[in-house]
Chemist: 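Mind having a look at this structure? Questions to follow.
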Amino acid sequence: MPTEHADSPRDESTGAAPNDALALKILVAGGFGVGKTTLVGAVSEIRPLRTEELLSEAGQSVDDTDGVAQKTTTTVAMDFGRITIRSGLSLYLFGTPGQDRFWFLWDELCQGALGAVVLADTRRLEDCFPAVDYFEHRRIPFVVAVNCFAGARSYGERDVSRALDLDPGTPVVLCDARDRDSGKEVLIRMVEYAGRMHTARLLDSVG
Ligand SMILES: Nc1nc2c(ncn2[C@@H]2O[C@H](COP(=O)(O)OP(=O)(O)OP(=O)(O)O)[C@@H](O)[C@H]2O)c(=O)[nH]1
Ligand SMILES: [Mg+2]
């Protein structure tokens, strides 16, 4: 749900933030090592908050680092960042931990979210099934953003949509999680889509 923008200029007489300043909460979710922390860091205009811990030897049997062999750390609680999409509209970004053992945190992180970005890596597409299921069951609007890792076979939006058996209309966007403009484009698609979904549901409920 929209919340007041923390940095909005305040009304001098009342100290209140102007009504037109909105901050929307968006989740950046997906499987282990798909680039969630990378995306939040690439687009954030504030220094992102991170909760990275070193991947340990003990975790080797459960942490599947195939395809992200250089990965040395993993998110254990959340990432946090902020981006201004246009004057008066900011997004607060919450990156989820990717590993199943931290999934109990997702329900907390989801509270009040407008929608989510599910990041996917085509080399391990099945890893994003749980995230897709999670948001579908809770009727939280989401877009699937395919993080195009170098060396991975490229698939079109339609192939990904079919492979994940997405509901018709769920957007699929190809992106590079390391690139600010690319990440911003994903977020704009997310906000536009969530706006359409929320409006349609509102009209359904009154009509
Ligand atoms: N080549 C390439 N490497 C990437 C890309 N995005 C992320 N990486 C690398 O892939 C690894 C995974 O990135 P993270 O951002 O930590 O992934 P994550 O989804 O936050 O991981 P968890 O929080 O552990 O689930 C890191 O080593 C990144 O440097 C990408 O688009 N291309
Ligand atoms: Mg992470």
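Order of listing sets the numbers, starting from 1, for every ligand and every atom in it.
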Chemist: Is there an N/O/S atom in Thr74 that lies less than 2.8 Å from the Mg ion (ligand 2)?
Modeler: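 Looking at Thr74, which is the residue asked about, there is no N, O or S atom under 2.8 Å from the Mg ion (ligand 2).
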Chemist: Asp176 heavy atoms, cut-off 4.0 Å: which ligand 1 atoms fall inside?
Modeler: 31 (O)
Chemist: Side chain, backbone, both or neither: which part of Asp79 has a heavy atom under 4.0 Å from ligand 1?
Modeler: neither
Chemist: Should you measure from each heavy atom of Thr74, which atoms of ligand 1 turn up under 4.0 Å away?
Modeler: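 So the atoms of ligand 1 that pass are 22 (P), 24 (O).
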Chemist: Check ligand 1 against Asn147 and write out every atom of the ligand that is under 4.0 Å from a heavy-atom position of the residue.
Modeler: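 Answer, ordered by atom number: 5 (C), 6 (N), 30 (C), 31 (O).
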Chemist: Does NZ or CZ of Arg82 come closer than 6.0 Å to the centre of the six-membered ring of Phe80, within 45° of the ring's axis?
Modeler: no
Chemist: Please identify which of these residues, Arg50, Glu53, Glu52, meets the side-chain hydrogen bond (donor to acceptor under 3.5 Å, both in side chains) condition with Thr73.
Modeler: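 Exactly one pass, corresponding to Glu52.
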Chemist: Nearest 0.5 angstrom please: Arg201 CZ to Arg139 CZ, how far?
Modeler: 4.0 Å
Chemist: Rounded to the nearest 0.5 Å, what separation is found between the CG atom of Leu49 and the CG atom of Leu93?
Modeler: 12.0 Å
Chemist: Does the side chain of Tyr155 reach to within under 4.5 Å of the side chain of Leu125, using non-hydrogen atoms?
Modeler: no
Chemist: Check each of Thr51, Thr38, Thr37, Thr96 against Asp79 using the side-chain hydrogen bond (donor to acceptor under 3.5 Å, both in side chains) test, and report the only one that passes.
Modeler: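 Filter result, single survivor: Thr37.
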Chemist: Which of the atoms in ligand 1, numbered in the order shown and given with their element, are less than 4.0 Å from a heavy-atom of Phe32?
Modeler: 24 (O), 25 (O)
Chemist: Against heavy atoms of Gly98, which atoms of ligand 1 measure under 4.0 Å?
Modeler: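 Selected atoms, number and element: 25 (O).
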Chemist: Count the heavy atoms belonging to other residues, nucleotides or ligands that lie under 6.0 Å from CD of Glu126, then report whether that count exceeds 12.
Modeler: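 Yes, the 6.0 Å shell around CD holds more than 12 heavy atoms from other groups.
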Chemist: Is there an N/O/S atom in Thr38 at a distance below 2.8 Å from the Mg ion (ligand 2)?
Modeler: no
Chemist: Is any N or O atom of Pro97, backbone or side chain, closer than 3.5 Å to an N or O atom of ligand 1?
Modeler: no
Chemist: Is there a protein heavy atom at a distance of less than 4.0 Å from atom 14 (P) of ligand 1?
Modeler: yes
